[in-house]
Amino acid sequence: MSNRLVGVGVGPGDPELVTVKGVNALREADVVVVPVMDSGERGRAEATVLHYVPEEKVVRVVFALNERSDRARREAAWDAAGERVAELLRRNASVAFATIGDPNVYSTFTYLAQTITELVPGTVVSTVPGITAMQDLAARSGAVLTEGTEPLTLVPVTAGATVLKEALAGPGTVVAYKFGRQAHEVAEALRETGRLADAVWGSALGLPEESVRPAADLDETPLPYLSTLIAPARREGGRGGKL
């Protein structure tokens with residue numbers, strides 16, 4: 001039988017937000033891989049996984065999670081991580097890879113799966129969807145992501161403030177990921193496009209250090225890297241106005 005690699009979305013940090021299917025996938029796998037930075041501290045994915053599987057079943061694999069400036073170093077780290085997971089697949093029938101959020105939304109799992117299909121031909125790759133940070137922030141803040149015919153745009157602020165401004169100039173809700181280090185630029189973009197008043201941001205959702213606040217509170221103070229922003233669509237016309 002073919003080996004199986006499954007990417008499991010474990011949500012934004014709150015262990016209660018892992019789906020039943022996600023928990024089952026973690027428990028059924030022979031090994032559960034969790035990504036860690038080279039500094040070695042426990043990440044959200046690992047902390048969440050340990051609520052459901054024993055520590056001896058978890059394998060920590062170093063990924064260059066925040067490396068953007070040095071492509072050679074990033075590629076080398078991905079290659080090494082891929083080789084480590086490939087080794088696990090050669091010795092185990094099934095390996096689960098736990099990723100925060102969803103494995104098909106800005107996830108390291110995408111790159112890992114591409115590498116594994118080359119290193120271990122015939123591996124069956126699948127994913128289990130997870131709750132995303134924007135869904136969790138919407139629930140915790142009361143922000144409505146979409147109504148009627150509104151579009152929804154998701155922007156990683158690592159792509160630059162210009163991309164965010166272009167999205168904010170549009171008609172729908174805009175969600176910004178990974179904007180903590182550019183909080184000041186994000187606040188300016190919201191002001192320039194008239195989207196500041198209703199916007200909300202959050203970080204460490206579901207964790208003891210959770211923060212959910214109006215975007216109007218943003219200043220030049222750096223925020224956690226994985227902060228999330230929701231700028232709701234401009235809504236007029238009352239209930240069902242955009243149906």
Side-chain angles (χ1 to χ4, degrees), residues 9-14 35 37 39 43-45 63-71 73-75 77-78 99-111 130-146 150-207 209-234:
V10 296
D14 184 346
M37 293 189 290
S39 52
R44 293 189 197 182
F63 284 79
L65 297 174
N66 291 332
E67 181 59 68
R68 285 176 186 79
S69 59
D70 189 337
R71 179 165 184 169
R73 179 180 177 276
R74 183 176 68 239
E75 294 283 353
W78 284 347
T99 179
I100 59 172
D102 182 277
N104 294 303
V105 180
Y106 300 131
S107 172
T108 303
F109 180 73
T110 302
Y111 311 120
I131 292 174
T132 61
M134 64 178 168
Q135 292 170 288
D136 195 12
L137 179 57
R140 294 177 187 277
S141 67
V144 175
L145 287 170
T146 56
E150 295 170 353
L152 173 64
T153 303
L154 176 59
V155 177
V157 180
T158 48
T162 300
V163 177
L164 176 61
K165 288 180 183 178
E166 291 174 352
L168 289 169
T173 294
V174 176
V175 175
Y177 274 4
K178 306 176 183 180
F179 81 92
R181 296 172 185 166
Q182 296 167 274
H184 179 66
E185 291 90 334
V186 169
E188 287 300 312
L190 290 166
R191 290 189 187 95
E192 290 176 16
T193 55
R195 304 287 293 271
L196 183 64
D198 297 327
V200 63
W201 69 269
S203 64
L205 301 174
L207 303 177
E209 63 272 27
E210 174 186 298
S211 180
V212 176
R213 301 176 63 183
D217 291 349
L218 290 172
D219 53 27
E220 297 189 18
T221 304
L223 303 177
Y225 171 69
L226 290 177
S227 296
T228 299
L229 174 96
I230 297 175
R234 300 178 180 90

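Keep in mind that what you see is a predicted model, and the values were worked out from it rather than measured. In what follows, residues are counted from 1 in the order of the sequence shown.
- In this structure, the side chains of Thr228 and Trp201 stay at 4.5 Å or more apart for every pair of heavy atoms.
- Tyr111 OH: 12 or fewer foreign heavy atoms inside a 6.0 Å radius.
- The side-chain heavy atoms of Leu226 and Phe179, taken from C-beta on, include no pair separated by under 4.5 Å.
- Looking at Arg191, its side chain never comes within 3.5 Å of a backbone N or O of Leu196 through a donor-acceptor pair.
- In terms of heavy-atom proximity, Ala233 sits nearest to Gly172 at CB-C, 3.6 Å.
- For the side-chain contact (heavy atoms from CB on, under 4.5 Å) criterion with Val174, the lone passing option out of Arg195, Glu166, Lys165 is Arg195.
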Determine, stepwise, if the pair Ser107 / Thr99 fulfils side-chain hydrogen bond (donor to acceptor under 3.5 Å, both in side chains).
CA-CA 7 Å; Ser107 172; Thr99 179; 2.9 Å; yes
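- Panel note: side chain Asp14, backbone Gly206; no donor-acceptor pair is recorded below 3.5 Å.
- Between the side chain of Thr173 and the main chain of Leu145, a donor-acceptor pair closer than 3.5 Å is present.
- Across all non-hydrogen atoms, the minimal contact from Ile131 to Pro12 is O-CD, 3.5 Å.
- A salt bridge links Arg140 and Glu210; the closest N-O separation between the charged side-chain nitrogens and carboxylate oxygens is under 4.0 Å.
- Of the possible donor and acceptor atoms, none in the side chain of Ser141 sits under 3.5 Å from a partner among the backbone N and O of Val200.
- Here the side chain of Tyr177 pairs no donor or acceptor atom with the backbone of Thr158 at under 3.5 angstrom.
- Note that the CG atom of Leu190 and the CG atom of Asp198 stand 10.5 Å from one another [nearest 0.5 Å].
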